[in-house]
There are 2 protein chains.
Amino acid sequence: MPKEKKYHHGDLKPALVEAGIAILEEEGLDRLSLRAIAGRVGVSHTAPRNHFANLRALLTAIGTEGFRRHAAAMREGLTETSPGPERLQAATEGYIRFARRHPALFELMFSKHYCDFDDPDLLAAARRSYAVLEEISRGLDWPGAEGPDRQLRTETMLWSLVHGYALLALNGQIREGEERGRMPWITEVVPRFRYEEA
Amino acid sequence: MPKEKKYHHGDLKPALVEAGIAILEEEGLDRLSLRAIAGRVGVSHTAPRNHFANLRALLTAIGTEGFRRHAAAMREGLTETSPGPERLQAATEGYIRFARRHPALFELMFSKHYCDFDDPDLLAAARRSYAVLEEISRGLDWPGAEGPDRQLRTETMLWSLVHGYALLALNGQIREGEERGRMPWITEVVPRFRYEEA
DNA sequence: CGAAAATATTTACATTGGCAACATCAAAGC
DNA sequence: GCTTTGATGTTGCCAATGTAAATATTTTCG
């Protein structure tokens with residue numbers, strides 16, 4: 001039986017990140033603690049200290065992995081879609097879908113309360129996630145698409161819109177059950193913006 | 001001297017809320033604790049229990065007061081402004097201004113991690129805040145202003161946009177110093193939407 | 001006045017993150 | 001092969017936190 005209990009774990013660092021994400025999925029952000037993560041992996045609560053300076057560093061690593069999956073979720077269905085409105089819809093849907101399916105992880109990712117945005121790895125992962133929005137906002141036409149900072153303004157508009165919707169939905173202000181009734185889903189808002197004739 | 005130390009505070013409940021807000025302003029959300037709030041008022045850390053069932057209830061009361069001020073900030077400069085684009089700008093500017101000036105309180109208000117949105121008082125205050133956005137979104141013209149759910153969709157768009165921008169700015173993704181440079185301020189985005197000819 | 005309710009304190013306890021000292025293992029040198 | 005050294009993990013401890021129970025003080029009111 002390969003399930004011997006060894007003194008050394010062997011691959012603790014990524015295991016802690018995985019355990020943290022698992023707790024977020026199963027129990028939520030409130031239940032995420034250093035001791036809970038360590039306990040889930042089967043080590044003492046001080047073992048993570050050999051790989052992460054403190055809890056914040058571990059949470060930042062969890063957030064980094066979150067951004068990787070977040071970017072992947074947005075790119076899902078984006079690769080095979082030809083340029084145009086469908087790409088916009090696919091990416092924004094991916095953004096919201098990720099937030100809905102992994103609410104605790106999403107909340108952790110975007111809160112400086114948990115994540116250290118000065119961390120180079122986190123920053124790189126977050127930028128790669130932002131790059132998707134940047135990409136699809138290219139050529140997007142809307143009332144503010146004019147002037148010198150057009151591209152930047154368009155990115156900001158799109159990011160704010162999607163991010164705001166996701167967070168409001170997460171906090172219960174926009175309930176999932178009501179979204180088709182009282183509250184319109186994001187896909188009924190975003191696609192109103194059209195791309196220019198290329 | 002009227003500064004006698006009495007056994008009974010006399011008006012502890014609102015004093016706790018004020019103390020909590022003061023800590024948020026001066027020290028931030030991380031330093032907000034039941035004991036810190038009680039200590040600031042000058043009572044033992046169990047005294048709040050006579051007025052609030054637990055910490056969450058106290059934080060909810062703080063959030064409620066936050067929403068009242070939030071609505072007031074949006075209405076600032078709105079009263080004397082005639083209907084039209086200036087109203088849109090005044091309200092959204094108030095939204096962002098409040099978030100920037102009171103970042104910790106704002107974060108607390110919109111996180112279910114701290115506030116209980118089932119609380120009737122909080123809900124009422126939050127709705128009154130939302131009502132301002134609802135009001136100014138009436139008659140707003142934009143690419144999605146068509147179809148049966150037009151008003152609702154417009155509210156959602158505007159709320160998501162402003163709220164998303166505020167949160168991204170708070171988390172450092174949009175830095176205040178750069179806002180006029182790399183990142184456009186919200187007032188350069190929102191006013192692109194025009195009102196219909198009435 | 002005196003009882004009851006409201007309000008505040010003291011003491012205790014479980015959880016949490018962090019630290020220091022020690023234990024165990026694995027890999028590198030001799 | 002043996003030892004030494006560094007990496008990795010554990011135990012015991014501490015301060016801070018929120019909650020609870022028992023007690024003390026003040027106010028209210030019959």
Side-chain angles (χ1 to χ4, degrees), chain A residues 2-20 22-24 26-63 104 107-108 111-116 119, chain B residues 2-20 22-24 26-63 104 107-108 111-116 119:
Chain A
K3 286 281 182 182
E4 303 279 342
K5 184 165 188 181
K6 297 181 298 185
Y7 190 91
H8 286 78
H9 181 278
D11 206 20
L12 185 55
K13 191 167 183 177
L16 289 170
V17 174
E18 280 312 312
I23 291 177
L24 287 176
E26 297 170 16
E27 307 179 48
L29 189 50
D30 304 320
R31 309 296 291 275
L32 188 70
S33 72
L34 184 80
R35 289 169 119 101
I37 296 174
R40 189 181 183 101
V41 177
V43 296
S44 73
H45 75 281
T46 52
R49 201 159 208 288
N50 293 305
H51 306 276
F52 301 98
N54 47 29
L55 172 63
R56 188 174 174 75
L58 173 50
L59 297 183
T60 300
I62 291 174
E107 191 179 351
L108 178 139
S111 172
K112 66 166 189 262
H113 201 72
Y114 304 103
C115 284
D116 176 16
D119 181 85
Chain B
K3 286 279 181 181
E4 303 280 342
K5 184 162 188 183
K6 296 180 299 186
Y7 190 91
H8 284 76
H9 181 279
D11 206 20
L12 186 55
K13 191 167 182 176
L16 289 170
V17 174
E18 280 310 313
I23 292 176
L24 287 176
E26 297 169 16
E27 307 179 45
L29 189 49
D30 304 319
R31 310 294 292 273
L32 189 71
S33 72
L34 186 85
R35 289 169 119 102
I37 296 174
R40 188 179 185 102
V41 177
V43 297
S44 73
H45 73 281
T46 53
R49 202 159 210 290
N50 293 304
H51 306 276
F52 301 100
N54 47 29
L55 173 64
R56 187 174 175 77
L58 173 50
L59 296 182
T60 301
I62 292 174
E107 190 178 352
L108 178 140
S111 172
K112 66 167 189 262
H113 200 71
Y114 304 102
C115 284
D116 177 16
D119 180 86

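In what follows, chains carry the letters A, B, and so on, assigned in the order in which the sequence lines appear, proteins first and then strands, with residues in each chain numbered from 1.
Using a 4.0 Å heavy-atom criterion, one finds that B:Leu55 contacts the sugar-phosphate atoms exclusively. Across all strands shown, B:Thr46 has heavy atoms under 4.0 Å from base atoms, whether or not it also approaches the sugar-phosphate. Among the atoms of the strands shown, only primed sugar atoms or phosphate atoms (P, OP1, OP2) are found under 4.0 Å from some heavy atom of B:His51.
Of the candidates B:Ile62, B:Ile37, B:Leu29, B:Ile37 is the only one forming a side-chain contact (heavy atoms from CB on, under 4.5 Å) with B:Ile23.
With hydrogens and angles left out, the side chain of A:Asn54 and the base of C:dG18 share no donor-acceptor pair within 3.5 Å. One N or O donor and one acceptor, one from the side chain of B:Asn50 and one from the base of C:dA8, sit under 3.5 Å apart.
B:Leu108 and B:Cys115 make their closest contact through O-SG, 3.5 Å (heavy atoms, listed as atom of the first residue, atom of the second, distance). Across all their heavy atoms, A:Leu16 and A:Phe52 have their closest contact at CD1-CE1, 3.9 Å.
Put simply, OH on B:Tyr114 is 14 Å from C1' on D:dT17, counting in whole angstrom units. D:dG18 atom P lies 12 Å from atom NE2 of B:His113, rounded to whole Å. Distance A:Lys13 NZ to D:dA7 C1': 13 Å, rounded to the nearest Å. Between A:Leu58 atom CG and C:dT16 atom P the separation is 15 Å, expressed in whole Å. The separation between B:Leu32 atom CG and D:dA16 atom C1' is 14 Å, rounded to whole Å. Here C:dG18 presents its C1' atom at 16 Å from CZ of A:Arg56, a figure rounded to the nearest Å. Look at CZ on B:Arg35: it is 14 Å from P on C:dA12, rounded to the nearest Å. Rounded to whole Å, atom C1' of C:dT15 lies 15 Å from atom CD1 of A:Ile37.
Nearest-nucleotide positions on DNA chain C for B:Asp11 and A:Leu34 put B:Asp11 closer to the 5' end. Each of A:His45 and A:Pro48 lies near DNA chain D, and the nucleotide nearest A:Pro48 is the one positioned closer to the 5' end.
Around atom CZ of B:Arg56, more than 12 heavy atoms belonging to other residues, nucleotides or ligands sit under 6.0 Å away.
Side-chain N/O atoms of B:Ser44 include none lying less than 4.0 angstrom from OP1 or OP2 on C:dA8.
Nearest nucleotide to the B:Ala47 side chain, out of C:dT9, D:dG9, C:dG17: C:dT9.
Between the NE2 atom of B:His51 and the CG atom of B:Leu12 there is a distance of 4.0 Å, given to the nearest 0.5 Å.
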